[in-house]
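So that the names make sense, note that chain A is the first sequence line, chain B the second, and so on, each numbered from 1.
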Amino acid sequence: MKITLPDGSVREYPKGTTGFQIAQSISEGLARNVLAAKVGNEVWDATRPINQDTSIQLLTWNDTEGKATFWHSSAHLLAEALEALYPGVKFGIGPSIESGFYYDVDFGDREFGAEELEKIEQKMLELARQKNEYSRREISKKDALQYFEEKGDEYKIELLQDLEDGNITFYEQGAFTDLCRGPHIPHTGFIKSVKLLNVAGAYWRGNEKNKQLTRIYGITFPKQKELTEYLEMLEEAKKRDHRKLGKELELFTFSEKVGMGLPLWLPKGTMLRERLEQFLRKAQAKAGYDPVVTPHIGHKNLYITSGHYEKYGADSFQPIKTPNEGEEFFLKPMNCPHHCEIYKAKPRSYKELPVRLAEFGTVYRYEQSGELHGLTRVRGFTQDDAHIFCRPDQVKEEFIKVIDLVLHVFNALGFDDYTAQISLRDPENKQKYIGGDEAWERAETAIIEAASEKGLRTVTELGEAAFYGPKLDFMVKDALGRKWQLGTIQVDYQLPNRFELEYTGSDNQKHRPVMIHRAPFGSLERFVAVLIEHCAGNFPLWLSPEQIAVLPISEKYADYANQVYQQLQQQDIRGFVDNRDEKIGRKIRDAEVRKVPYMLIVGEKEQEEGKVSVRKHGEGDQGSLSVTDFAADFKQKVEEMMG
RNA sequence: GCCGAGAUAGCUCAGGGGUAGAGCGCGUCCUUGGUAAGGACGAGGUCAUGGGUUCAAUUCCCAUUCUUGGCUCCA
């Protein structure tokens, strides 16, 4: 049979050759590391015989699918250890996740505590050292049911009910057998380090009416070193937690009295936010956006027209009623309906399109109480929203312009690793969405084409679209390699219909514009949270709430320090003078802890020469400069950063 | 919303049936200093809120609120 390798070369192998054997024929090193094989479009066990012409890609730890296989096999290893330690436990599901894996377990009446995890880790490592093979076998539904009935595992029986006979496989390693589609790594010996991270409750099949199982999360690696690095990364993430830094750097706070999920921005956080706004306002002005302002509430009819009332009315904050007329108003959950009405404020000609209306609009959404989290999930937040109303023939071009704007933002803020997620509708479940097939297809095509023309790295997700249209979301990777969803661009053919938006074409006929929703930051709150964690609170100079600290050596130089500060302040450089009765070492330490980018130390020498001694955060003494030179350098740096 | 954990000084946290402690911060004084913590003294708490058990509750029990780890959800 003919096997096509990823480099396009074709090799001849006898029927029944396995991925592992193919790896061996290429190199011993590859064979040692191969975890699974992508055969055609399916991931297979490396040990599964291949019987026909196909393409193959050998998967190792460096491939996402290789890792997923590794972790999925680790979940089985966890189950094997659990079964050995706690005979009679029952198993739900045990998949791999983005980082690691989990297994849902029913311990029956036994109490399970987190302190038992270490014991399980040891057992897993012991079993891993046995290098037990993961062996696959096909089984009839009847035999499979019989197996789990004898074992008394009702969860697996329930899973089996939904499976088709003839398509059922078991995997076995050591003493443990599981219902599993696979694939798996060749043997447990690949798993060299194990960490069980935490235990949480999870309902069987995610339904709160079902029994709650114990979910054990874990992660494994083929090398001990990688586990150590991973645990260090988790520690670092804890240190960078925006909730912790937000408090320490006095950026924002929450108040029980104000209400959960409603952030209060402190002066320094507000400074940061306003800088971000200012930056985007400027970029948008250049890109032809018109700023608008709309109120925080809107009449119920507005949302009946938009379709949001029908979709979210019952699940959102309840309406505010006028005392006399009993009219109902909703806190605005998005800005688009208001913007549609601005579009409608006058008749539009094709000549003035695209109309781009931008607003930093604060919106309110009822989020379930259990879902609130710092600034990343709140009930009131400000979107850097804009709506572009354009002709159908302008969609792609406008879309491309928005992509450029988003990339400009990412670039200025140091997010250089991103992918674009294209979210299309679920073709199996069309009734979830409003609007006709044709409009959807046109919108989806425009997005796909724009993304490919900009050369974006993309992934496509079916069923992730908004209910009114497909979208493109930007996922950035932060300094710790964690993924965050930030900017979003959405094409919408539905709202213009619902609001009966029109423009007069060159043919003197009425036409319907297309709407593009877009928000490069997404929400200021979420963006600031991600930014804090990305830069660990060490903001880019142009954003830093306190850019400089003027530190007099002693009280004698307080006047000079104030004078220096005023001189810099007049040139839009922000900061403070530390006139406390403390030694210079102390003032430096405090400014370092506050993450102030530049410390300007002034004493006798500096006063005499009209200079400042410059110390950079995290780097130390930079020598001295005249105040004017420092200001000029500083401003030049800021300008470079803002592009 | 559901399950688990938590709430003690401005912050981080210890404690425990007999009305409370540390470090940091804050204030006053001494000190006037050269690149990551000078010293002394002092002020600060209805121990989240409401009930219950008890001679006595901050401590034990229940409820509520908020925070937190998950689950579900996310225009």
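Here A75(B) is the nucleotide among G69(B), G34(B), A75(B) with the atom lying nearest to any side-chain atom of Met334(A). Listed candidates were U65(B), A75(B), G70(B). Nearest to the side chain of Asn198(A) is G70(B). Closest approach to the Arg377(A) side chain among C73(B), A75(B), G33(B) is made by C73(B) (side chain taken as heavy atoms from C-beta onward). Side-chain atoms of Asp621(A) lie closest to U35(B) of the nucleotides U35(B), A75(B), G70(B). Comparing A75(B), G69(B), G1(B) by their closest approach to the side chain of Tyr312(A) singles out A75(B). Out of U35(B), C71(B), G69(B), the shortest distance to the side chain of Arg243(A) is found at G69(B). Closest approach to the Asp581(A) side chain among G34(B), A75(B), G33(B) is made by G33(B) (side chain taken as heavy atoms from C-beta onward). The listed nucleotides are G34(B), U32(B), U35(B); the one nearest the side chain of Ile588(A) is U35(B). Among the nucleotides U67(B), C71(B), A36(B), the one closest to the side chain of Tyr217(A) is C71(B).
Rounded to an integer number of Å, the gap from Glu555(A) CD to C29(B) C1' is 13 Å. Nucleotide A75(B) holds its P atom 8 Å from the OH atom of Tyr468(A), rounded to whole Å. Rounded to whole Å, the distance from NZ on Lys587(A) to P on G33(B) is 12 Å. When rounded to the nearest whole Å, the span between NE2 of His242(A) and C1' of U68(B) equals 13 Å. Following rounding to the nearest Å, Leu551(A) (CG) and U32(B) (C1') show an atom-to-atom distance of 15 Å. Note: CD (Gln607(A)) to P (G33(B)) measures 13 Å, nearest angstrom. One can place NE2 of His308(A) at 13 Å from C1' of C74(B), the figure rounded to the nearest angstrom.
Ring pair Tyr303(A)/His308(A) is perpendicular by interplanar angle, where above 60° counts as perpendicular and below 30° as parallel.
Glu604(A) comes within contact range of at least one nucleobase, with a heavy-atom separation under 4.0 Å. Nucleic acid contact for Ile601(A): base, since at least one base atom lies under 4.0 Å from a heavy atom of the residue. Residue contacts shown for Glu606(A) include a base, since a base heavy atom lies under 4.0 Å away. Within the 4.0 angstrom heavy-atom criterion, base atoms lie near Lys583(A). Heavy atoms of Gly585(A) sit under 4.0 angstrom from primed sugar atoms or phosphate atoms, though from no base atom.
Taking atom P in both G42(B) and C24(B), one finds a spacing of 15 Å when rounded to whole Å. Nucleotides C26(B) and C11(B) place their P atoms 14 Å apart, quoted to the nearest Å. One P atom belongs to G15(B), the other to G21(B), and the distance between them is 15 Å to the nearest Å. A56(B) and U19(B) are spaced 15 Å apart, taking the P atom of each and rounding to whole Å. For the C1' atom pair drawn from A7(B) and C13(B), the interatomic distance equals 12 Å after rounding to whole Å. For the P atoms, the distance from A43(B) to A20(B) is 15 Å, rounded to whole Å. As rounded to the nearest Å, A48(B) and U59(B) have P atoms that lie 8 Å from one another. A gap of 33 Å separates the C1' atoms of G17(B) and G25(B), to the nearest Å.
The phosphate of G69(B) has neither OP1 nor OP2 within less than 4.0 Å of any side-chain N or O from Arg215(A). In this structure, His373(A) reaches the G69(B) phosphate: one of its side-chain N or O atoms is under 4.0 Å from OP1 or OP2. Between A75(B) and Tyr433(A), no contact under 4.0 Å exists linking OP1 or OP2 to a side-chain N or O. The side chain of Arg589(A) places no N or O atom within less than 4.0 Å of a non-bridging phosphate oxygen (OP1 or OP2) of U35(B).
Remark: G6(B) base-pairs with C66(B); criterion is Watson-Crick or G-U wobble with both hydrogen-bond distances under 3.5 Å. The partner of U46(B) cannot be assigned: no Watson-Crick or G-U wobble pair with both contacts below 3.5 Å exists in any strand. For U31(B), there is no paired base (Watson-Crick or G-U wobble, both distances below 3.5 Å). The partner of A37(B) cannot be assigned: no Watson-Crick or G-U wobble pair with both contacts below 3.5 Å exists in any strand. With a cut-off of 3.5 Å on both pairing distances, the Watson-Crick or G-U wobble partner of A22(B) is U12(B).
In this structure, Ile532(A) and Phe252(A) approach most closely via the heavy-atom pair CD1-CE2, 4.1 Å.
Applying the side chain to side chain donor-acceptor pair (under 3.5 Å) rule to Ser423(A) yields the partners Gln421(A); only residues at least two apart in sequence or on another chain are considered. Residues that satisfy the side chain to side chain donor-acceptor pair (under 3.5 Å) test with Ser74(A), not counting sequence neighbours, are Thr220(A). Qualifying side chain to side chain donor-acceptor pair (under 3.5 Å) partners for Gln318(A), counting only residues two or more places apart in sequence or in other chains: none.
Between Leu372(A) and Tyr102(A), the residue anchored nearer the 5' end of RNA chain B, judged by the nucleotide with its closest heavy atom, is Leu372(A).
More than 12 heavy-atom neighbours from other residues, nucleotides or ligands sit within 6.0 angstrom of CD on Gln622(A). At most 12 heavy atoms of other shown residues, nucleotides or ligands fall within 6.0 angstrom of atom CD in Glu98(A).
For G34(B), the base is anti relative to its sugar; the glycosidic angle deviates from 0 by more than 90°.
Residue pairs that meet the salt bridge (charged side-chain N to carboxylate O under 4.0 Å, His left out) test with at least one member in residues 481-495 of chain A, sequence neighbours left out, are Asp478(A)-Arg482(A), Arg482(A)-Glu533(A).
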Protein and nucleotides 4-14 of chain B: nitrogen or oxygen contacts under 3.5 angstrom:
unit_1: U12(B); atom_1: OP1; unit_2: Lys247(A); atom_2: NZ; d: 3.1

Using a cutoff of under 3.5 Å, can you pull out all pairs of nitrogen or oxygen atoms linking the protein to nucleotides 24-27 of chain B, with atom names and distances?
unit_1: G25(B); atom_1: OP1; unit_2: Arg586(A); atom_2: NH2; d: 2.1

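Residues Phe499(A) and Tyr343(A) place their aromatic rings such that the two centres sit no closer than 6.0 Å. Note: Tyr364(A) and Phe317(A) fail the aromatic proximity criterion, with ring centroids not under 6.0 Å apart.
In summary, of the residues considered (His339(A), Arg518(A), His338(A), Arg356(A)), a side-chain hydrogen bond (donor to acceptor under 3.5 Å, both in side chains) with His387(A) occurs for His339(A) alone.
Taking a cutoff of 4.0 Å between a charged side-chain nitrogen and a carboxylate oxygen, Glu609(A) and Lys605(A) do not qualify as a salt bridge.
Using modelled atom types and a 3.5 Å distance limit, the side chains of His299(A) and Glu328(A) yield no donor-acceptor pair.
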